[in-house]
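Per chain, numbering begins at 1; letters A, B, ... match sequence-line order.
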2 protein chains.
Amino acid sequence: MPLHELPAYPRPSSRLAVVAAPPMCSSCSLKGLCLPAGLEAGAMKRLGELISCRRRIRRGDSLFTAGAPFRSIYAIRSGSLKSCVYSEDGQEQITGFPMAGELVGLDGIAHGQHVINAVALEDTEVCVIGFSMLEEIAGQVPQLQRQLHRLMSREIVGDRQFMMVLGTMRADQRVAAFLLNLSRRFESRGYSAAEFHLRMTRREIGNYLGIELETVSRTLSRLDDAGCIAVDAKLVRILDRSALVGLLAEPAR
Amino acid sequence: MPLHELPAYPRPSSRLAVVAAPPMCSSCSLKGLCLPAGLEAGAMKRLGELISCRRRIRRGDSLFTAGAPFRSIYAIRSGSLKSCVYSEDGQEQITGFPMAGELVGLDGIAHGQHVINAVALEDTEVCVIGFSMLEEIAGQVPQLQRQLHRLMSREIVGDRQFMMVLGTMRADQRVAAFLLNLSRRFESRGYSAAEFHLRMTRREIGNYLGIELETVSRTLSRLDDAGCIAVDAKLVRILDRSALVGLLAEPAR
DNA sequence: CGCTCTCTTGAACAGAATCAAGAACGGTGG
DNA sequence: CCACCGTTCTTGATTCTGTTCAAGAGAGCG
């Protein structure tokens, strides 16, 4: 069954935007990817205490916007987001497409208010984690502290590696790198690595990759013609993974 | 007196690469920028305890390389570095030019070993901060914990904002943004915002900005002709700051 | 059902890369 | 102190990748 038909998670029946039900990290299927990764039972219980509530964001709505006061970070339970920054003249730059199991909002720690915007690409649910409480408990539970640091560091590493994409790659390599990245992340969430649904538009992909939407479209068509992938609108199937990997190994721009 | 003639800090007379003398954050002129920023006396003392030693790196030598086990982070006392990642085929991507008062090595937390390389652009001195000890003391000193998180978050925010440069800007805008960024950072360290010395080559600037070194050279010449800046080899004077800022506001690529 | 947004594809154009050559600089050793 | 070498930098000519402009097809939504 293709990914886009799967209900990511059963919807709670409540229509409230904020869901009060205690989420319980220990029973969450994402615990291996998220903040509780590697925590022993006791530490996981402490972590559970501080997850005050869940919040649902409808497609197109913001989880937080630049300038908003920073109080919480968010663990994505289901769905996906785009995180983006805006220049003074309103130009958008998408800096990532966080998905289930990933943490967003870490940008707010620096100055006490968010610098980045997080917009839902589809209906999305997050666990709200009060940050001052998280810091307090992290001070008592070294495992949790370490995991928080690991995740922040991973963010830095990911950003740095993405600079390689923006700094050195041709358009077709950027698109290939993007598809391979999505594939890997879907796979580590238990979905197919070979077939997935793009939640973002060509324009958003292009913006993220530093190329125009027409170039994204053309590149996808060309990779399709070459038999590397099969594109049907937002549905992508990876037919020849090694060809994509090979593209990245090419001498580059 | 132009910046490049100023001795950044008095050199210790010892010729050893590792300097044992206790550095004392409280008396360091960079304490307002670095890890001790905002710490009260007690917390600063605890921080001082865990700075085991200083280390000097000669121009061209590495502070750490990708793959090296992660044990410490480093606070730059004087000098400057380039941090870079390499692809499997050896392609370099420079991800930043950290300077005095900034922290490097945070990339290592994620996987217990460094992912990034840090190479000295000039003779450089750093304070070595054992990370497990830092985490331990941060657990006891909330102020320090908060400051560590702030600095990691700042790293993330800076990376995201730099993606705007790589993703949306023309070559001349990238160069202008680069110069303005350097200017601001020199200024916050007490140096002139209008006149400074580039510690990196045109090739390194181009690599960082995702353009070719010829384009960097041409752009600098053009900005010079336009009267925005005066370039004499590695010495840059900013003559018309608002013109540079105006460039950034232009509709972009 | 019609509207808007998204996507694809083509043609012309432009900005930056590449190739090339010479000048300037910095370090080394005679 | 100066000649030499390699590296860095500048500048020009040419090429090419990707952008821009344009038009039509397709999909989603009220």
> Write down the distance between CZ (B/R199) and C1' (C/dG26), rounded to a whole number of angstrom.
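One finds 16 Å between C1' of C/dG26 and CZ of B/R199, rounded.
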> Just jot down the side-chain hydrogen bond (donor to acceptor under 3.5 Å, both in side chains) partners of A/Q161, sequence neighbours excluded, or say none.
none
> Among all residues two or more places apart in sequence or in another chain, which pass the ring-ring contact (aromatic ring centres under 6.0 Å, His included) test with B/F64?
B/Y74, B/H114
> Run the side-chain hydrogen bond (donor to acceptor under 3.5 Å, both in side chains) test against B/D89 and tell me which residues pass, sequence neighbours left out.
B/S87
> For A/C34, enumerate each residue passing the side-chain contact (heavy atoms from CB on, under 4.5 Å) test, keeping only those at least two apart in sequence or located in another chain.
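Expected list: A/P36, A/A75, A/L103.
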> Go through the structure and list residues passing side-chain hydrogen bond (donor to acceptor under 3.5 Å, both in side chains) with B/R154, not counting sequence neighbours.
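Expected list: none.
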> Under 4.0 Å between any heavy atoms, over every strand shown, what does B/T215 touch: base, sugar-phosphate, or nothing? Just pick one.
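Counting heavy atoms under 4.0 Å across all strands, the contact made by B/T215 is with sugar-phosphate only.
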> When you check every protein heavy atom under 4.0 Å of nucleotides 4-10 of chain D, what one-letter string (B, S, -) results, 5' to 3'?
-----SB
> Can you tell me how far P of D/dT19 sits from CG of A/N207, to the nearest Å?
12 Å
> Between P on C/dA16 and CD1 on A/I211, what's the gap in Å once rounded to a whole number?
16 Å
> Using residues 214-229 of chain A as the side-chain source, report each donor-acceptor pair under 3.5 Å to any protein atom, sequence neighbours left out, with the distance given to one decimal.
residue : atom : partner : partner atom : Å
A/T219  : OG1  : A/T215  : O            : 2.6
A/S221  : OG   : A/S217  : O            : 3.0
A/D224  : OD2  : A/V231  : N            : 2.9

> Take the protein atom CG of A/D232 and the nucleotide atom C1' of C/dC7, then report the distance between them rounded to whole Å.
12 Å
> If we fit an axis to the first five pairs and another to the last five of the helix from C/dC1-D/dG30 to C/dG30-D/dC1, what angle do they make, to the nearest 10°?
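Result, rounded to 10 degrees: 50°.
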> Hey, would you say the B/F162 and A/F162 ring centroids sit under 6.0 Å apart?
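Centroid separation for B/F162 and A/F162: 6.0 Å or greater.
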> Can you tell me the distance, in whole Å, between the CZ atom of B/R58 and the P atom of C/dG27?
13 Å
> For A/R185, what residues pass the salt bridge (Lys or Arg N to Asp or Glu O under 4.0 Å) criterion, not counting sequence neighbours?
A/E102
